[in-house]
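One structure is given here, and the rest of the page talks about it.
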Amino acid sequence: MNVQQAKFQDSFADKAGENFIPDRSSFPERVAAVVAAAASEAEEVDRDARFPQKAIDAARAHRLLGIQVPQNFGGDGASIFDITDMCYALGRACSSTAMIFAMHQTKVACLVRHGVGSAYHEGLMRRLASEQLLLASSTTEGQNGGNIRFSSAAVERAGTEISLVRNATVISYGAQADGIVTIARRANDAAGSDQVLLAITKDDYTLERSLEWETLGMRGTCSAGFELKFKGSSEQIFPEGYDRIHAQTMTPVAHLCWSSAWAGIAAAAVERAQAFIRKAARGAGGQMPPGAAHFNAARMTLSKLRAVITTNLDTYAAHEHDERALSSLDFQSSINLLKVEASELAVETVMSAMRACGLAGYRNDGGFSVGRLLRDVLSSPIMINNDRILSNIATASLMSAVPGTLRD
Ligand SMILES: Cc1cc2nc3c(=O)[nH]c(=O)nc-3n(C[C@H](O)[C@H](O)[C@H](O)COP(=O)(O)OP(=O)(O)OC[C@H]3O[C@@H](n4cnc5c(N)ncnc54)[C@H](O)[C@@H]3O)c2cc1C
């Protein structure tokens with residue numbers, strides 16, 4: 001356990017004692033209200049490529065944006081299990097809302113796990129809970145693609161004042177966010193891999209649009225390119241280096257939350273396929289339509305998808321404050337493979353659901369259309385490209401042992 005994590009545990013113990021249990025009883029009702037808001041505008045959000053304002057307003061009203069913040073900083077202390085369940089529930093209603101929520105919660109997790117002990121970051125956690133701030137993410141830069149462990153833009157320092165100018169190729173909901181969590185090179189003379197993480201709020205930065213996209217899916221995430229210009233204080237840099245935050249929190253939480261959102265999209269497609277097959281069977285006097293086989297295939301891949309997510313969730317939750325376990329080859333390989341497997345299974349599930357529905361699934365209108373879900377889920381293998389991940393972990397995979405038992 002490192003110093004930050006020890007402080008984090010102490011601060012919990014101060015407030016609530018060893019047996020601290022966050023009150024989760026209000027979560028289902030609050031989540032259901034946000035899911036209903038998200039579902040009510042999902043079609044328009046996609047058609048007009050607009051931000052899901054109603055859903056995010058509802059998330060604010062029901063205090064879901066700060067739900068992960070510990071209770072002693074004003075939040076609910078929601079666990080990784082709670083957060084991923086929320087991503088899944090939102091994914092069934094509106095993919096873009098789910099992905100925005102997943103990205104936001106990943107940034108909050110960095111604050112919660114690596115900001116304790118830093119006055120600035122603790123203050124930001126309190127603001128997150130009281131003002132329900134929405135945080136965006138800026139990792140992609142210039143022509144660097146998904147190579148997150150390399151930064152070009154460097155933090156410029158003048159005493160305690162710092163500044164950063166970043167060619168942010170894509171920031172989802174950048175224009176709507178109240179703050180951004182971004183990586184940068186530690187200093188002008190630092191190597192590209194010597195990175196820090198900064199949490200900045202919109203009074204400290206400007207965003208100038210540099211690149212518009214007309215996207216295939218996830219259109220409500222309003223992902224565009226920006227030039228990010230920031231001026232602030234050195235205390236906005238997280239005390240720990242980005243390499244550790246990346247391994248312990250950014251990668252695991254992003255992969256768990258994204259995968260849960262994709263599983264939600266896949267579940268929505270399976271639900272449509274089920275409704276279609278039931279209707280077709282009723283219309284044929286109980287005779288199963290030929291597409292039923294594709295419906296079963298969709299159900300099978302959805303089961304695999306849920307299993308791979310929950311297995312990784314259990315492993316992460318069991319070791320979430322154990323730096324050594326999280327840095328191990330086994331854990332890092334597994335959590336990276338989760339992203340690859342979950343995205344492939346989610347695409348496969350939605351494709352099978354579409355084939356089960358046939359023409360009714362292929363058309364863009366009607367109650368059985370799977371078009372939007374398919375376009376949205378196709379973002380999953382390229383969001384940090386699976387090829388890049390597989391090639392990055394090839395050596396680690398070779399070195400990690402093949403499991404000796406079923407539950408290893
Ligand atoms: C919906 C959506 C929302 C996003 N939101 C954000 C956001 O809010 N903030 C943010 O910073 N970024 C965001 N991104 C960007 C994302 O995080 C990745 O950086 C981006 O998807 C990578 O883009 P790329 O395909 O150009 O890059 P690359 O990773 O460079 O991939 C380009 C091509 O090169 C291939 N390739 C790359 N490396 C290898 C390798 N080692 N071996 C074999 N082939 C390789 C890939 O297969 C691919 O064909 C978002 C992306 C999506 C799809």
Side-chain angles (χ1 to χ4, degrees), residues 45-46 49 51-52 56 87 91 94-108 110 134-153 164 166-184 192 195 197-200 205 207 209-228 230 242 246 250-251 253-255 257-259 261-262 265 336 339-340 342-344 346-347 372-397:
V45 160
D46 173 60
F51 184 70
I56 300 302
C87 292
C94 170
S95 322
S96 292
T97 304
M99 190 42 73
I100 291 169
F101 188 76
M103 290 195 262
H104 164 80
Q105 293 297 348
T106 304
K107 305 300 125 178
V108 179
C110 292
L134 178 64
L135 299 182
S137 165
S138 180
T139 53
T140 313
E141 184 183 20
Q143 300 305 312
N144 238 349
N147 187 9
I148 297 180
R149 290 294 287 108
F150 183 93
S151 286
S152 299
L164 175 71
R166 198 163 194 278
N167 171 10
T169 327
V170 43
I171 305 182
S172 296
Y173 57 97
Q176 291 82 10
D178 304 303
I180 296 176
V181 174
T182 181
I183 48 175
Q195 297 164 296
L197 189 68
L198 296 94
I200 61 182
Y205 64 78
L207 285 178
R209 267 182 199 254
S210 56
L211 199 74
E212 296 290 343
W213 294 13
E214 175 57 41
T215 47
L216 180 69
M218 289 292 184
R219 291 164 59 78
T221 61
C222 298
S223 303
F226 296 94
E227 186 185 47
L228 166 66
F230 157 76
Y242 181 65
H246 181 80
M250 187 78 96
T251 301
V253 177
H255 290 186
C257 288
W258 295 356
S259 300
W262 299 329
I265 302 172
N336 276 295
K339 191 269 158 182
V340 175
S343 56
E344 304 289 354
V347 171
R372 170 169 62 84
L373 303 172
L374 184 58
R375 287 186 287 102
D376 289 338
V377 84
L378 284 175
S379 65
S380 62
I382 64 149
M383 198 170 167
I384 310 298
N385 204 292
N386 286 356
D387 297 336
R388 182 184 285 282
I389 294 179
L390 287 173
S391 98
N392 284 350
I393 65 163
T395 314
S397 284

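Note: hydrogens, waters and symmetry copies are ignored here, and every other heavy atom, side chains too, is used. In each ligand, atom 1 is the first atom listed, and ligand 1 is the first ligand listed.
From the protein, the heavy atom lying nearest to atom 22 (C) of ligand 1 is G146 N, 3.6 Å. Of the protein's non-hydrogen atoms, S137 O, 2.8 Å is the one closest to atom 9 (N) of ligand 1. Annotation: atom 24 (P) of ligand 1 to nearest protein heavy atom, G145 CA, 4.2 Å. The protein heavy atom nearest to atom 30 (O) of ligand 1 is R388 NH2, 2.7 Å. Scanning the protein for heavy atoms near atom 52 (C) of ligand 1, the closest one is M383 CG, 3.8 Å. Looking at atom 33 (C) of ligand 1, its nearest protein heavy atom turns out to be N385 ND2, 4.5 Å. What sits closest to atom 8 (O) of ligand 1 on the protein, heavy atoms only, is S172 N, 2.9 Å.
For ligand 1, the polar-atom distance check against S391 finds a nitrogen or oxygen pair separated by under 3.5 Å. Taking distance alone, with nitrogen or oxygen atoms compared against 3.5 Å, N147 stays at or beyond that limit from ligand 1. Between I382 and ligand 1, a contact under 3.5 Å exists for at least one N or O pair. Between D387 and ligand 1, at least one pair of N/O atoms sits closer than 3.5 Å. For the pair T140 and ligand 1, the shortest N or O to N or O distance falls below 3.5 Å.
Between the side chain of K339 and the backbone N or O of N385, no donor-acceptor pair lies under 3.5 Å. Formation of a donor-acceptor pair under 3.5 Å by the E141 side chain with backbone atoms of S152 is found in this model. Remark: side-chain polar atoms of Q105 are not paired, donor with acceptor, to backbone N or O of C257 under 3.5 angstrom.
Here the shortest heavy-atom distance to atom 1 (C) of ligand 1, taken over M218, M103, M99, belongs to M218. The closest heavy-atom contact to atom 18 (C) of ligand 1, among the options V170, I384, N386, comes from I384.
Looking at S223 against ligand 1, only its side chain comes within 4.0 Å, counting heavy atoms.
Note that OH of Y173 is 7.0 Å distant from CG of L135, once rounded to the nearest 0.5 Å.
Put simply, atom 14 (N) of ligand 1 has protein non-hydrogen atoms near it, under 4.0 Å away. Under the 4.0 angstrom criterion, atom 35 (C) of ligand 1 counts as lacking any protein heavy-atom contact.
The only option from V170, N147, I148 that meets the side chain to side chain contact (heavy atoms under 4.5 Å, CB included) definition with T140 turns out to be V170.
Residue-ligand proximity: A136 is placed with every non-hydrogen atom at 4.0 Å or more from ligand 1.
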